[in-house]
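Please read the structure below before turning to the comments.
In what follows, every heavy atom counts, from backbone to side chain, and hydrogens, waters and symmetry copies are set aside. Being a predicted model, the structure only gives us computed values, none of them experimental.
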Amino acid sequence: MDLQKLEYFLAVRNHGSVNAAAARLGVAQPTISQALRSLEREFGVELFHRIGRGMVLTSAGHALAGPARRLVRDVASTASSVSDHEGNLAGVIEIASAPSLAMGPVVELIAEFHRRLPRTRVHLEWLRDETKGLEMLRDGDVELVLTHLPVVTTSGRLWDGDFDVLPMGIQEYWYAVPPSEAHRLPEGDGPITFADLPEIPMVIVPGSAVAGQIEAALIDAGRALRPAAVLEHREARMSFVAAGVGSTFLERSLIESAAARGIVCRQVDPQIRRPFGFVYDEEEISPVGAAFIDCARESAESTADARPA
């Protein structure tokens with residue numbers, strides 16, 4: 001099988017049409033069309049539904065996507081490691097991350113990985129809906145998923161499956177209110193119970209296990225979740241709160257930045273804390289991916305050793 005045909009197949013799959021794939025790769029459209037027809041003859045099945053000028057994967061195409069991605073990654077990583085006499089790996093590691101986790105220690109981890117293997121590159125994409133992470137791994141879209149733990153599936157159940165998990169730490173969330181509403185908080189600087197949270201509508205970002213945990217805590221306290229704004233991008237929450245749109249919950253790592261904008265943050269009781277880590281398939285991971293996991297494991301162990309007893 002011609003590896004380039006698989007690369008063309010993946011490009012069409014990722015960009016939705018032969019035209020877009022050709023533009024992205026800088027090759028002629030007939031070259032890609034011919035490669036797709038050749039692949040379909042080899043497999044004896046259609047890989048795409050042709051819908052107007054667009055291309056949508058058939059069930060057979062979906063089945064091919066994951067193995068094709070892994071094969072292309074493995075060949076690229078293997079070739080780079082063999083060609084470099086110093087064993088300095090080159091290649092791309094593709095990671096899907098919950099936006100709230102791609103900061104702080106994770107940025108430091110990626111920086112350390114680059115220092116060790118400067119010829120590598122990290123492709124980080126947002127995992128807007130954490131329940132989709134396992135699907136992305138199974139489909140071969142990414143090699144690693146950085147997500148909250150335990151993993152929740154698309155059916156809403158806790159996952160207990162065949163992937164490997166590397167815990168990296170715990171993320172804590174604090175309640176945040178606009179400067180104009182700070183006077184409505186209980187006096188003092190200690191934790192606030194959910195029953196005592198002021199009646200301020202909230203700026204929310206759906207699609208995460210943390211959002212579900214917060215809503216459950218509100219319900220247990222006899223409170224209702226009253227949205228002031230529903231956002232797709234978590235990065236916008238702080239701006240909405242600073243502008244007085246509503247309250248929200250922010251990661252502990254953002255508290256100092258929030259305070260600089262006048263936002264008042266308080267711990268809550270019970271605490272909203274979620275472990276997080278990498279999910280991956282050790283049997284399928286590429287050499288570059290394995291090197292990243294080794295680096296991440298060292299980082300997690302050193303962080304754990306640094307915590308007070």
Side-chain angles (χ1 to χ4, degrees), residues 1-25 27 29-78 91-98 123-147 151-165 207-209 232 278-286 288-290:
M1 185 182 299
D2 187 342
L3 187 66
Q4 192 166 63
K5 293 178 184 177
L6 293 179
E7 293 175 340
Y8 291 162
F9 161 78
L10 291 171
V12 175
R13 181 253 191 192
N14 292 338
H15 300 288
S17 72
V18 171
N19 291 352
R24 178 72 174 181
L25 297 176
V27 300
Q29 296 175 23
T31 300
I32 294 182
S33 296
Q34 183 178 357
L36 293 182
R37 287 194 295 268
S38 177
L39 270 182
E40 290 178 329
R41 285 195 300 269
E42 289 181 36
F43 287 110
V45 293
E46 288 190 351
L47 299 174
F48 290 96
H49 295 297
R50 277 73 174 174
I51 302 176
R53 295 185 178 180
M55 307 279 278
V56 178
L57 287 177
T58 64
S59 57
H62 278 290
L64 176 61
R69 290 289 290 262
R70 288 190 289 270
L71 180 58
V72 169
R73 277 198 298 259
D74 289 348
V75 169
S77 295
T78 302
V92 180
I93 175 69
E94 294 166 316
I95 304 173
S97 171
H123 179 199
L124 190 66
E125 61 179 281
W126 292 147
L127 183 62
R128 297 295 179 189
D129 184 345
E130 291 187 72
T131 65
K132 302 292 186 182
L134 297 184
E135 290 183 9
M136 297 182 73
L137 281 175
R138 291 193 180 99
D139 290 344
D141 292 329
V142 295
E143 287 193 78
L144 303 175
V145 171
L146 181 60
T147 185
V151 180
V152 178
T153 66
T154 51
S155 64
R157 299 178 180 179
L158 295 181
W159 164 79
D160 181 18
D162 53 354
F163 289 116
D164 299 280
V165 176
S208 73
E232 180 180 353
F278 289 103
V279 182
Y280 60 101
D281 187 342
E282 188 170 4
E283 294 183 358
E284 298 288 349
I285 201 165
S286 69
V288 176

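- A pairwise comparison of heavy atoms in Phe9 and Leu36 identifies CA-CD2, 3.7 Å as the closest pair.
- A search for side-chain hydrogen bond (donor to acceptor under 3.5 Å, both in side chains) contacts involving Arg24 returns nothing, not counting sequence neighbours.
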- Message: Show, in sequence, the C-alpha distance, side-chain angles and deciding distance for Leu39 and Asp2, and conclude whether the side chain to side chain contact (heavy atoms under 4.5 Å, CB included) test is met.
- Response: CA-CA 9 Å; Leu39 270 182; Asp2 187 342; over 6 Å; no
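- Across Leu146 and Leu127, no two heavy atoms sit closer than the pair O-CD2, 4.5 Å.
- A 4.5 Å side-chain heavy-atom check between Arg50 and Met55 finds at least one atom pair inside the cut-off.
- Residues Phe48 and Leu57 form a side-chain contact, since some pair of their non-hydrogen atoms from C-beta on lies under 4.5 Å apart.
- Nearest heavy atoms, Ile32 versus Ala21: CD1-C, 3.8 Å.
- Considering all non-hydrogen atoms of both residues, Gln29 and Val18 come closest at O-CG1, 3.7 Å.
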- Message: As a quick check of understanding, evaluate side chain to side chain contact (heavy atoms under 4.5 Å, CB included) for Leu137 and Val142, giving each step before the final call.
- Response: CA-CA 6 Å; Leu137 281 175; Val142 295; 4.2 Å; yes
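- More than 12 heavy-atom neighbours from other residues, nucleotides or ligands sit within 6.0 angstrom of CD on Glu125.
- Applying the ring-ring contact (aromatic ring centres under 6.0 Å, His included) criterion to Phe163, with sequence neighbours excluded, gives no partner residue.
- Contacts of Arg138 classified as salt bridge (Lys or Arg N to Asp or Glu O under 4.0 Å), with partners at least two apart in sequence or in another chain: none.
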- Message: Could you go through Leu144 and Ile285, starting from their C-alpha distance and side-chain angles, then the distance that decides it, and tell me whether this counts as side chain to side chain contact (heavy atoms under 4.5 Å, CB included)?
- Response: CA-CA 9 Å; Leu144 303 175; Ile285 201 165; 3.8 Å; yes
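- Judged by distance alone, the side chains of Thr131 and Asp129 do bring a donor and an acceptor atom under 3.5 Å apart.
- For the pair Glu143 and Val92, the tightest heavy-atom approach, listed with the atom from each and the gap, is OE2-O, 4.1 Å.
- Glu40 places a side-chain N or O within 3.5 Å of a backbone atom of Leu47 that can act as its donor or acceptor partner.
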- Task: Apply the test side chain to side chain contact (heavy atoms under 4.5 Å, CB included) to residues Tyr8 and Val27: give CA-CA distance (whole Å), side-chain angles for both, the deciding distance (0.1 Å), then the verdict.
- Result: CA-CA 10 Å; Tyr8 291 162; Val27 300; 4.0 Å; yes
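- A distance-only check finds no donor-acceptor pair linking the side chain of Glu46 to the backbone of Thr58 [under 3.5 Å].
- Ser17 and Gly54 make their closest contact through CB-CA, 4.3 Å (heavy atoms, listed as atom of the first residue, atom of the second, distance).
- Atom CD of residue Gln34 and atom NZ of residue Lys5 lie 8.5 Å apart, to the nearest 0.5 angstrom.
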